[in-house]
*Asks:* 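Sending over a structure as structure tokens; questions will come in a sec.
Everything numeric here is computed off the predicted structure, so don't read it as measured data.
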Amino acid sequence: MVPTAPTLTTHERVVAAAAELTLEVGWAGVTMGKLADRVGVSRQTVYNEVGSKPRLAEEMVLAELAKFLAVVDAAFDDQPDDLVEAIRSASRGVLELARHNALLQAVVSASYGAETELLPLLTTRNDALVQAATQAVRARVPAYPLVLDDRHLDAAIDMVVRLVLSHVVHPAGDPAATADDIAWVMSRTLRA
């Protein structure tokens with residue numbers, strides 16, 4: 001059973017339990033009844049908290065995203081004077097976290113049955129994910145001196161977010177080397 005922590009809401013406990021169950025039995029094996037048992041609430045409470053299983057999947061993805069955005073924030077905090085270095089550090093941190101994130105690995109590597117229901121949330125139906133990540137980066141960028149107008153800055157941020165997400169889902173190599181490549185591209189883009 002997911003422990004009742006004073007800082008976690010029922011909603012957060014349900015989402016955390018769903019992630020645990022997904023790792024244990026696969027997404028196809030996650031049911032509202034199992035979640036209710038795990039959290040120690042009624043099945044109706046689980047439905048009230050998350051609505052449906054597809055909505056629960058979205059909530060799980062967004063909960064994992066929060067962990068990744070914490071890495072992004074730390075990278076920007078560590079590089080307050082150099083946007084390209086902040087992007088390099090954030091990209092590397094995100095890619096390293098992705099490499100070791102058990103739930104993400106389970107979602108990406110699953111290719112059978114109902115398991116594929118989760119993967120589109122990272123790939124073809126990732127609007128909420130991209131929007132949340134883009135907003136997080138966009139909120140940090142005004143602290144840096146830039147020569148880009150808002151339209152082009154928004155395009156650059158969108159590109160870097162989608163590029164990092166692409167490497168999260170389909171890693172092409174070492175996180176440090178990939179982060180260096182992303183930083184190189186952004187260094188040229190931000191000078192435009």
*Asks:* Within the side chain of S187, is there an N or O that forms a donor-acceptor pair under 3.5 Å with the backbone of W184?
*Replies:*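 Between the backbone of W184 and the side chain of S187 there is a qualifying donor-acceptor contact (under 3.5 Å).
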
*Asks:* Is it true that V185 and V141 fall in one hydrophobic cluster, defined by side-chain heavy atoms closer than 4.5 Å?
*Replies:*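 In one cluster: no.
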
*Asks:* Could you check if a side-chain atom of H11 sits within less than 4.5 angstrom of a side-chain atom of E59, using non-hydrogen atoms only?
*Replies:*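 They are in side-chain contact.
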
*Asks:* Could you tell me if the side chain of V50 sits less than 4.5 Å from the side chain of M32, heavy atoms only?
*Replies:*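 Contact flag for M32/V50 side chains = yes.
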
*Asks:* Taking atom CD of Q79 and atom OH of Y144, what is their separation to the nearest 0.5 Å?
*Replies:*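 So the CD of Q79 and the OH of Y144 are separated by 7.5 Å.
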
*Asks:* Any chain of hydrophobic side-chain contacts (each under 4.5 Å) joining V160 to L65?
*Replies:*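 Same hydrophobic cluster.
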
*Asks:* Looking at every non-hydrogen atom in both residues, tell me the closest pair between A18 and V30 and how far apart they are.
*Replies:*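 Scanning both residues, the minimum pair turns out to be O-CG2, 4.2 Å.
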
*Asks:* Distance check, rounded to the nearest 0.5 Å: D181 atom CG versus M186 atom CE?
*Replies:*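 Separation between the atoms: 13.5 Å.
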
*Asks:* Please name the pair of heavy atoms, one in K34 and one in G29, separated by the smallest distance, quoted to 0.1 Å.
*Replies:*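 Looking at all heavy atoms of both residues, the shortest contact is NZ-O, 2.9 Å.
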
*Asks:* Run L165 and V169 through side chain to side chain contact (heavy atoms under 4.5 Å, CB included) and show every step you take.
*Replies:* CA-CA 6 Å; L165 180 59; V169 176; 4.3 Å; yes

*Asks:* What distance separates S42 OG from N48 CG, expressed to the nearest 0.5 Å?
*Replies:*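 Rounded to the nearest 0.5 Å, the OG-CG separation comes to 7.0 Å.
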
*Asks:* List in chain and number order the residues that pass side chain to side chain contact (heavy atoms under 4.5 Å, CB included) with L163, two or more places apart in sequence or in another chain; answer none if no residue qualifies.
*Replies:*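 Testing L163 for side chain to side chain contact (heavy atoms under 4.5 Å, CB included), a comparison that skips the adjacent residues, returns H167, I182.
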
*Asks:* Under a 3.5 Å distance rule, please check whether S91 uses its side chain to pair with a backbone N or O of I87 as donor and acceptor.
*Replies:*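 Yes: the side chain of S91 pairs with the backbone of I87.
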
*Asks:* For the residue pair F68 and A98, what are the closest heavy atoms and their distance?
*Replies:*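 Here F68 and A98 meet closest at CE2-N, 3.5 Å.
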
*Asks:* Which value, rounded to the nearest 0.5 Å, describes the distance between R13 atom CZ and L35 atom CG?
*Replies:*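 Spacing of CZ (R13) from CG (L35) equals 11.5 Å.
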
*Asks:* Would you give the length of the straight line joining atom CG of L62 to atom NZ of K67, rounded to the nearest 0.5 angstrom?
*Replies:*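 Spacing of CG (L62) from NZ (K67) equals 12.5 Å.
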
*Asks:* From E24 CD over to L21 CG, what is the distance, rounded to the nearest 0.5 angstrom?
*Replies:*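 Separation between the atoms: 5.5 Å.
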
*Asks:* Run the side chain to side chain contact (heavy atoms under 4.5 Å, CB included) check on V46 and V39 step by step: do they pass?
*Replies:* CA-CA 9 Å; V46 171; V39 178; 5.7 Å; no

*Asks:* Do S89 side-chain atoms and E85 backbone N/O form a donor-acceptor pair below 3.5 Å?
*Replies:*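 No, the answer is negative, given that no donor and acceptor are paired below the 3.5 Å cut-off.
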
*Asks:* Step by step, work out the side chain to side chain contact (heavy atoms under 4.5 Å, CB included) result for R138 and L153.
*Replies:* CA-CA 9 Å; R138 185 63 166 104; L153 179 59; 3.3 Å; yes

*Asks:* What closest approach, in Å, do V94 and V168 show between heavy atoms, and which atom pair accounts for it?
*Replies:*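 Nearest pair, atom of V94 first, then V168: CG1-CG2, 3.7 Å.
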
*Asks:* Please report the shortest heavy-atom distance between M60 and A19, naming the atom on each side.
*Replies:*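 For M60 and A19, the tightest heavy-atom pair comes out as SD-N, 3.9 Å.
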
*Asks:* Looking at every non-hydrogen atom in both residues, tell me the closest pair between L69 and A133 and how far apart they are.
*Replies:*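 Distance-wise, the nearest heavy atoms are CD2-CA, 3.9 Å.
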
*Asks:* State, yes or no, whether a side-chain contact exists between V71 and R92 at a heavy-atom distance under 4.5 Å.
*Replies:*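 Side chain of V71 against side chain of R92, heavy atoms only: no contact under 4.5 Å found.
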
*Asks:* Mind checking salt bridge (charged side-chain N to carboxylate O under 4.0 Å, His left out) for D77 and listing every partner two or more places apart, or none if nothing turns up?
*Replies:*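 Applying salt bridge (charged side-chain N to carboxylate O under 4.0 Å, His left out) to D77 gives R140.
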
*Asks:* Going by heavy atoms in the side chains, are V130 and D158 under 4.5 Å from each other?
*Replies:*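 In short, these two side chains touch, coming nearer than 4.5 Å.
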
*Asks:* Quick one: do R99 and E96 make a salt bridge, cutoff under 4.0 Å?
*Replies:*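 Not counted as a salt bridge, because no side-chain N and carboxylate O are separated by less than 4.0 Å.
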
